[in-house]
Chemist: 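Sending over a structure as structure tokens; questions will come in a sec.
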Amino acid sequence: MSERPLILAADDDPDILSLIRLALERAGCEVVTAADGQAAIELADARTPTLAVLDLSMPRMDGLEVCAHLRADPRTAQIPIVILSAAVQASDIDASHRAGANAHIKKPFSPRELRTRVTELLEGGQSSPAAE
């Protein structure tokens, strides 16, 4: 990748956002952050991200709603999307994938795991629900 990928990170927990930013900046990415789903949509409209990392539970719009919105917009329809959530039942993971997410990572998460998954997705690799 010649340019730094632009990552949209959305989570209502500022500590989680800081952790995401730090982990992905160390991987060579530029990171823009939003504290809720509506702000995430506004950021994506202003600057088309290369990939999105979305918390499942956020105010104003949850991660699944943001995911569906990104998939419906031709500019962001093909970007990889990672959902972060403490909800990891099979039905939760299925809901993430039905909304269009490429990966569902369990909270609390390892920054290394997030970097690895994001790098794989940016390089064109597909995540498997079995690997979640």
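It should be emphasised that the depicted structure is a prediction, and the values quoted were computed from it without experimental measurement.
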Chemist: Would you say L122 ends up clustered with V82 if hydrophobic residues are merged whenever their side chains have heavy atoms under 4.5 Å apart, either directly or through other cluster members?
Modeler: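 Yes, it is one cluster - the side chains of V82 and L122 are joined through contacts under 4.5 Å.
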Chemist: Which pair of heavy atoms, one from H104 and one from S85, lies closest together, and at what distance?
Modeler: NE2-CB, 3.8 Å
Chemist: If you apply the rule side chain to side chain contact (heavy atoms under 4.5 Å, CB included), what do you find for I20 with L84, and how did you get there?
Modeler: CA-CA 10 Å; I20 293 168; L84 295 176; 3.5 Å; yes
Chemist: Report the C-alpha separation of L64 and S96 in whole Å, then their side-chain angles, then the decisive distance to 0.1 Å, and conclude whether the side chain to side chain contact (heavy atoms under 4.5 Å, CB included) test is met.
Modeler: CA-CA 6 Å; L64 297 182; S96 292; 4.0 Å; yes
Chemist: Can you find a pair of side-chain heavy atoms, one from P111 and one from L22, that are under 4.5 Å apart?
Modeler: no
Chemist: Taking the side chain as everything from C-beta on, heavy atoms only, tell me whether L70 gets closer than 4.5 Å to I81.
Modeler: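 Contact flag for L70/I81 side chains = yes.
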Chemist: Would you name the heavy atoms of A34 and L17 that are closest together and state the gap between them?
Modeler: O-CD1, 3.5 Å
Chemist: Would you say that P49 contacts I79 through its side chain, given a criterion of any heavy-atom pair below 4.5 Å between the two side chains?
Modeler: yes
Chemist: Within the 4.5 Å heavy-atom criterion, are T76 and T48 side-chain neighbours or not?
Modeler: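 Yes, at least one pair of side-chain atoms sits under 4.5 Å.
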Chemist: Under the salt bridge (Lys or Arg N to Asp or Glu O under 4.0 Å) definition, can you give me all pairs with a residue in residues 56-72, not counting sequence neighbours?
Modeler: D36-R60
Chemist: For residues 73-87, which residue pairs qualify under salt bridge (Lys or Arg N to Asp or Glu O under 4.0 Å), counting only residues two or more places apart or in two chains?
Modeler: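 Residue pairs with at least one partner in residues 73-87: D45-R75, D73-R75.
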Chemist: May I ask you to decide if Q38's main-chain N or O and H69's side chain share a donor-acceptor pair within less than 3.5 Å?
Modeler: no
Chemist: Verify the cluster assignment for L8 and L51: are they in a single hydrophobic cluster under the rule of side-chain heavy atoms below 4.5 Å apart?
Modeler: no
Chemist: What's the spacing between L24 CG and R4 CZ if we round to 0.5 Å?
Modeler: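 So the CG of L24 and the CZ of R4 are separated by 11.0 Å.
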Chemist: Report yes if some heavy atom in the side chain of I7 is under 4.5 Å from a heavy atom in the side chain of V32; otherwise report no.
Modeler: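 No - every pair of side-chain heavy atoms lies 4.5 Å or more apart.
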Chemist: Has the side chain of R21 got a donor or acceptor atom that lies under 3.5 Å from a matching backbone atom of V31?
Modeler: yes
Chemist: With side chain to side chain contact (heavy atoms under 4.5 Å, CB included) as the test, would you mind laying out the steps for C67 and L54 before giving the verdict?
Modeler: CA-CA 8 Å; C67 186; L54 309 171; 4.2 Å; yes
Chemist: Does any part of the side chain of E30, heavy atoms only, come nearer than 4.5 Å to the side chain of P5, both counted from C-beta?
Modeler: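 P5 does not reach E30 side chain to side chain.
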Chemist: Same cluster or not: are F109 and I83 linked, directly or through other Ile, Leu, Val, Met, Phe, Trp or Tyr residues, by side-chain heavy atoms under 4.5 angstrom apart?
Modeler: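 No, it is not one cluster - the side chains of F109 and I83 are not joined through contacts under 4.5 Å.
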Chemist: Once you round to the nearest 0.5 Å, how far does SG of C29 lie from CZ of R115?
Modeler: 10.5 Å
Chemist: Are I105 and L56 connected in the hydrophobic side-chain network, where two residues link if heavy atoms are under 4.5 Å apart?
Modeler: no
Chemist: To check you understand the geometry: which heavy-atom pair defines the closest contact between L121 and A103, and what is its length?
Modeler: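 Looking at all heavy atoms of both residues, the shortest contact is CD1-CB, 4.3 Å.
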Chemist: Output all residues satisfying salt bridge (charged side-chain N to carboxylate O under 4.0 Å, His left out) with D12, sequence neighbours left out; order by chain, then residue number.
Modeler: none
Chemist: For K106, I'd like to know if atom NZ has over 12 heavy atoms of other residues, nucleotides or ligands within 6.0 Å.
Modeler: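 No, because the 6.0 Å sphere around NZ of K106 holds 12 heavy atoms or fewer from other groups.
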Chemist: Can you check whether K107 reaches D11 side chain to side chain, under 4.5 Å on heavy atoms?
Modeler: yes
Chemist: Please report the C-alpha distance between R47 and L43 in whole Å, then the side-chain angles of each, then the deciding distance to 0.1 Å, and finally whether the side chain to side chain contact (heavy atoms under 4.5 Å, CB included) criterion is met.
Modeler: CA-CA 6 Å; R47 291 182 70 194; L43 280 173; over 6 Å; no
Chemist: For T50 and P80, which heavy atoms make the closest approach, and how far apart are they?
Modeler: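 For T50 versus P80, the nearest heavy atoms are O-CD, 3.3 Å.
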Chemist: Side chains of D15 and L19: closer than 4.5 Å at any heavy-atom pair?
Modeler: no
